[in-house]
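Positions are given from 1, in the same order as the sequence printed here. Heavy-atom basis, side chains included; hydrogens, waters and symmetry copies ignored.
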Amino acid sequence: MLDKNVANDVIFEALSLGASFCDIFVERSQVENVSMNSSRVKDVKSGIDFGIGVRLIYGNKALYGYTNSAKREDLISLTRVLAEKYKKAADAKTIEFKTGAFKKIAEIKNISLPLSERIAKFHEIDKKTRSHSELISQVNIGLMYKEQQVEIFDSEGLYIHDSRPYCRASLTAIAKDGNEQATGSWSPGVRGGYGFFQDLDTDWISDYTARQAINVLRAKPCPAGTMPVVIDNGFGGVIFHEACGHSLETTSVEKKASVFWDKKGEMIAHEALSAVDDGTIDNLWGSISVDDEGMPTQKTQLIKNGKLENFLCDRMGEIKTGHPRTGSARRESYKYAPASRMRNTFIEPGKYSLEELLQSMGDGLYAKSMGGGSVNPGTGEFNFNVQEGYLVKSGKITETVKGATLIGKGEDIMRHISMVGSDLDFAAGICGSVSGGVPVTVGQPPVKVDQILVGGHA
């Protein structure tokens, strides 16, 4: 996508202006989106974007800019603008690029799936979801496919080319009874193509979202108080991602804006808890073969038996903190400089069944499905909605409740997860941070939190 001679000239210019390092990120992305509501196709969109980002590093300072032009003179001009404040005369030499080696992760097959076939499956899902109950008043369906091509050049002679396909579906069912309304949703995504959507189990996804919407609609308000909580697998991992994961990225560690910045090697969680961030898992939405600095991805052990083992680190994180790079440099597009970001982040499975977790808690709350929330990375304070919850009495699930929120601090909840289940599952999401929104996977088996503050309206 970018002539190697042009890339060489740009890097030569950066080094001659005194930069200690320079890299170039080239991206061409093609996106297709289709959506439906009220049983009608709402939007059919497609587009192509192309751009090039140039980064110069002077000591511990990073300067970044981008352009939509691949012309030599435009890229040289951008480089000079970036270097203006820190430039100094320096010797430079021509770079000999060598293609970096990395293992390509497996991806769900991409197939030709005409728009007419996608829309036909939308109507099938819409009909099945509405058939569950006359209380289902609205169904929203979406499908996104993105093909991202990237090239990376740097002043150490690295050249990388990678192709990254992503496919994600979304389904939301809305149940309404008078003035009361509730939703059920599911948004699976994979690293791969339309083969994922063609093979999607429409019976399961329709039943899941409709059942959840009806259950929540009929639920009673949740009581408030400090109590034990069992958080189910899959998207339940969003709490670890938000309340702990972001605090383990050197993006926050380098600023000492993380409660864990100086805790490496210390116990920060219950000994029952181990967690990883693994970019190498085949087909998963958050997997990457190579990161956005050209480093092969890896499995990074974050916490082992309660002890903090590693942080997630990019090049600037390594410069500023001394922690080793982990293949975690990511960005939404060429419009952003890379930063240390999560990939597939999850609590590793333990030995207990869901039934054993529930029986051990006595009375409490079973958070079957988590919703959105907020967190302060500097303090670890979080507030998360429980999308679908149930009261537990004497270890048995009883009535459905709504309006529950889980409130606490990341460092506290990590110490109170005393039992970890065996049934690991994952869920797709988009994580927003300083380098934009990137595909990530959250996950966990069911876990038991000994005590946490539950907000409710009963």
Looking at Asn305, is its backbone amide N or carbonyl O close enough to the side chain of Ser274 to form a donor-acceptor pair, meaning the two atoms are under 3.5 Å apart?
yes
Would you say Asn344 and Ser287 are linked by a side-chain donor-acceptor pair, where the criterion is simply a distance under 3.5 Å?
yes
Can you tell me if Arg168 and Tyr145 form a side-chain donor-acceptor pair at under 3.5 Å?
no
Any luck finding a side-chain donor-acceptor pair between Ser69 and Thr67 under 3.5 Å?
no
Gap separating the NZ atom of Lys127 from the NE2 atom of His123, nearest 0.5 angstrom
11.5 Å
By side chain to side chain contact (heavy atoms under 4.5 Å, CB included) - contacts of Lys176 (at least two apart)
Ser137, Gln181
Does any N or O in the side chain of Ser360 come within less than 3.5 Å of the main-chain N or O of Leu357, such that one atom is a donor and the other an acceptor?
yes
Short side-chain donor-acceptor distance under 3.5 Å, Asp49 and Tyr334
yes
Cationic tip of Arg315 above Phe21 ring, under 6.0 Å, 45° of axis:
yes
Under 3.5 Å, is there a donor-acceptor pair between the Thr202 and Lys128 side chains?
yes
Say whether, by atom type as modelled, one donor and one acceptor occur between the side chain of Gln359 and the main chain of Glu356 under 3.5 angstrom.
no
Is any NZ, NE, NH1 or NH2 atom of the basic residue among Glu107 and Arg191 found under 4.0 Å from an Asp or Glu carboxylate oxygen of the other?
yes
Can you tell me if Thr297 and Thr280 form a side-chain donor-acceptor pair at under 3.5 Å?
no
Let's go through His270 and His416 carefully: what are the C-alpha distance in whole Å and the side-chain angles of both, what is the deciding distance for ring-ring contact (aromatic ring centres under 6.0 Å, His included) to 0.1 Å, and is it a yes or a no?
CA-CA 6 Å; His270 192 283; His416 287 130; 9.1 Å; no
Geometric cation-pi criterion, Arg211 with Tyr208: 6.0 Å, 45°
yes
Donor-acceptor pair, distance only, cut-off 3.5 Å: does the side chain of Thr250 make one with the backbone of Val253?
no
Lys264 versus Asn310: any side-chain heavy-atom pair under 4.5 Å?
yes
Walk me through it: do Asp450 and Lys448 pass the test salt bridge (Lys or Arg N to Asp or Glu O under 4.0 Å)?
CA-CA 6 Å; Asp450 288 335; Lys448 176 195 170 186; 3.7 Å; yes
Does NZ belonging to Lys307 count more than 12 external heavy atoms closer than 6.0 Å?
no
Pairwise side-chain contact, Ile52 with Ile24, heavy-atom cut-off 4.5 Å (strictly under)
yes
Look at the side chain of Thr379 and the backbone N and O of Glu381, then say whether any donor-acceptor pair between them is shorter than 3.5 Å.
yes
Report the C-alpha separation of Glu249 and Ser247 in whole Å, then their side-chain angles, then the decisive distance to 0.1 Å, and conclude whether the side-chain hydrogen bond (donor to acceptor under 3.5 Å, both in side chains) test is met.
CA-CA 6 Å; Glu249 296 167 336; Ser247 297; over 6 Å; no
Side chain of Asp291, backbone of Ala329: donor and acceptor closer than 3.5 Å?
yes
Less than 4.5 Å apart, any side-chain heavy atom of Asp278 and any of Thr300?
no
Side chains of Ser163 and Gln149: do they bring a donor and an acceptor to under 3.5 Å?
yes
Just one of Asp23, Asp314, Asp292 clears the salt bridge (charged side-chain N to carboxylate O under 4.0 Å, His left out) bar with Arg55, so which one?
Asp23
Using the side chain to side chain donor-acceptor pair (under 3.5 Å) rule, pick out the option among Lys109, Glu32, Glu117 that qualifies with Tyr194.
Glu32
Given 3.5 Å as the limit, does a donor-acceptor pair link the side chain of Asn37 with the main chain of Asn140, or not?
no
Please assess Ser29 against Glu147 for the test side-chain hydrogen bond (donor to acceptor under 3.5 Å, both in side chains), listing each intermediate value before the final yes or no.
CA-CA 6 Å; Ser29 290; Glu147 176 76 28; over 6 Å; no
Sequence neighbours excluded, which residues qualify as side chain to side chain contact (heavy atoms under 4.5 Å, CB included) partners of Tyr159?
Lys4, Phe97, Thr99, Glu151, Phe153, His161
Can Tyr390 and Asn215 be counted as having a side-chain donor-acceptor contact under 3.5 angstrom?
yes
Could you list the donor-acceptor pairs under 3.5 angstrom formed between side-chain atoms of residues 400-411 and any protein atom two or more places apart in sequence or on another chain?
residue, atom, partner, partner atom, Å
Lys402, NZ, Glu180, OE1, 3.2

Would Asp162 and Lys104 pass as an ion pair if we require N to O under 4.0 Å?
yes
Check the pair Leu354, Tyr366 against side-chain contact (heavy atoms from CB on, under 4.5 Å), reporting the backbone distance first and the verdict last.
CA-CA 10 Å; Leu354 176 61; Tyr366 169 43; 3.7 Å; yes
Does a side-chain heavy-atom distance below 4.5 Å link Ile268 with Ile303?
yes
Verdict with supporting geometry, Asp126 and Ser39, side-chain hydrogen bond (donor to acceptor under 3.5 Å, both in side chains):
CA-CA 7 Å; Asp126 180 81; Ser39 302; 2.8 Å; yes
Tell me, yes or no, whether the heavy-atom count around Glu96 atom CD, taken from other residues, nucleotides or ligands under 6.0 Å, exceeds 12.
no
For Glu254 and Thr321, which I'm curious about, is there any donor-acceptor pair between the side chains at under 3.5 Å?
no
Does Glu355 come within less than 4.0 Å of Lys396, counting only side-chain N to carboxylate O?
no
Under 3.5 Å, is there a donor-acceptor pair between the Thr183 and Thr172 side chains?
no
Would you compute the distance between atom NZ of Lys335 and atom OG of Ser435 and round it to the nearest 0.5 angstrom?
14.5 Å
Output the distance between atom CG (Asp199) and atom CD1 (Ile111), rounded to the nearest 0.5 Å.
7.0 Å
Test item: Asp154 side-chain N/O and Gly157 main-chain N/O as donor-acceptor pair under 3.5 Å
yes
I'd like to know if the side chain of Ser206 reaches the main chain of Asp203, judged simply by a donor and an acceptor atom lying under 3.5 Å from each other, with no hydrogens or angles considered.
no
Using atom types as modelled and distance alone, determine if a side-chain donor or acceptor of Thr441 lies under 3.5 Å from a backbone N or O of Leu284.
no
pair Phe122-Val41: side-chain heavy atoms closer than 4.5 Å
no
Taking the six-membered ring for Trp, are Phe311 and His323 parallel (under 30°), tilted (30 to 60°) or perpendicular (over 60°)?
tilted
Please determine, by modelled atom types, if Asn233 and Asp423 share a side-chain donor-acceptor pair under 3.5 angstrom.
yes
Between Gln30 and Ser46, is any side-chain donor less than 3.5 angstrom from a side-chain acceptor?
no
Is there side-chain contact between Gln451 and Pro228, with heavy atoms separated by less than 4.5 Å?
no
Measuring from atom CD1 of Ile397 to atom CG of Leu391, what distance do you get when rounded to the nearest 0.5 angstrom?
10.5 Å
Arg330/Glu293 salt bridge by N-O under 4.0 Å criterion
no
Rounded to the nearest 0.5 angstrom, the CD1-CD distance for Ile108 and Gln198 is 12.0 Å
Rounded at 0.5 Å granularity, tell me how far CZ in Arg341 sits from CG in Leu312.
11.0 Å
Thinking salt bridges, do Arg343 and Asp277 make one under a 4.0 Å N-O criterion?
yes
